[in-house]
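Only this structure's heavy atoms are used, side chains among them; waters, hydrogens and symmetry mates stay out.
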Amino acid sequence: NEQKTQISEGLEKEILQYLNAEPRTVKDVAKQFDLSNNKAKKQIDVLRKNNHLIPKGKKGRMKLWDVNAETKRLLVES
């Protein structure tokens with residue numbers, strides 16, 4: 001049961017491209033895309049559930065999120 005991972009266009013893709021440059025926190029994402037921390041966290045949760053993101057250490061008490069290898073490939077292709 002092979003599930004093909006899709007990247008939604010728009011905000012999700014922009015967030016992934018932003019995180020692809022370097023691992024960042026939810027707060028960084030919120031600031032960059034002018035979202036509330038809550039909205040940014042929801043976006044990250046969705047991306048994480050879809051296996052696009054992996055935790056990559058911490059910055060202070062906040063998790064740094066990075067794009068997983070499979071998704072990096074999809075970003076390069078799209």
Side-chain angles (χ1 to χ4, degrees):
N1 188 352
E2 187 66 28
Q3 189 181 345
K4 188 75 183 120
T5 320
Q6 293 293 310
I7 300 175
S8 328
E9 289 300 312
L11 187 59
E12 279 187 17
K13 188 169 180 183
E14 286 179 37
I15 290 175
L16 285 171
Q17 285 170 332
Y18 176 65
L19 292 171
N20 200 13
E22 62 176 287
R24 300 176 207 259
T25 65
V26 169
K27 264 194 184 138
D28 295 332
V29 171
K31 201 177 264 171
Q32 174 73 13
F33 293 96
D34 209 16
L35 302 167
S36 68
N37 282 350
N38 241 352
K39 276 209 176 96
K41 185 174 176 356
K42 277 202 181 91
Q43 287 287 338
I44 294 223
D45 281 345
V46 167
L47 291 167
R48 187 178 51 81
K49 280 197 185 87
N50 292 332
N51 292 324
H52 290 313
L53 296 180
I54 47 176
K56 191 77 171 201
K58 290 195 162 181
K59 178 177 168 186
R61 294 195 351 252
M62 300 196 64
K63 268 190 190 149
L64 284 167
W65 293 100
D66 196 11
V67 180
N68 84 21
E70 180 62 25
T71 306
K72 281 183 196 259
R73 263 198 304 283
L74 291 171
L75 280 174
V76 169
E77 288 166 12
S78 61

Spacing of [atom1] belonging to [X] relative to [atom2] belonging to [Y], to within rounding of 0.5 Å:
X     : Y     : atom1 : atom2 : result
Glu12 : Leu47 : CD    : CG    : 4.5 Å
Ile44 : Leu53 : CD1   : CG    : 6.0 Å
Gln43 : His52 : CD    : NE2   : 11.0 Å

Check residues 18-38 and write down every donor-acceptor pair under 3.5 Å in which the side-chain atom is one partner and the other belongs to a residue at least two apart or another chain.
from	atom 1	to	atom 2	distance (Å)
Asn20	OD1	Lys72	NZ	3.1
Arg24	NE	Tyr18	O	3.2
Thr25	OG1	Lys27	N	3.4
Thr25	OG1	Asp28	N	3.2
Thr25	OG1	Asp28	OD2	3.2
Asp28	OD2	Thr25	N	3.0
Ser36	OG	Lys39	N	3.0

Pair up each side-chain donor or acceptor in residues 61-69 with any protein partner under 3.5 Å, not counting sequence neighbours, and list the distances.
from	atom 1	to	atom 2	distance (Å)
Asn68	OD1	Glu70	N	3.0
Asn68	OD1	Thr71	N	2.8
Asn68	OD1	Thr71	OG1	3.1
Asn68	ND2	Asn51	O	2.2

Checklist outcome for this item: For Lys41, the salt bridge (charged side-chain N to carboxylate O under 4.0 Å, His left out) test, sequence neighbours excluded, returns Asp45
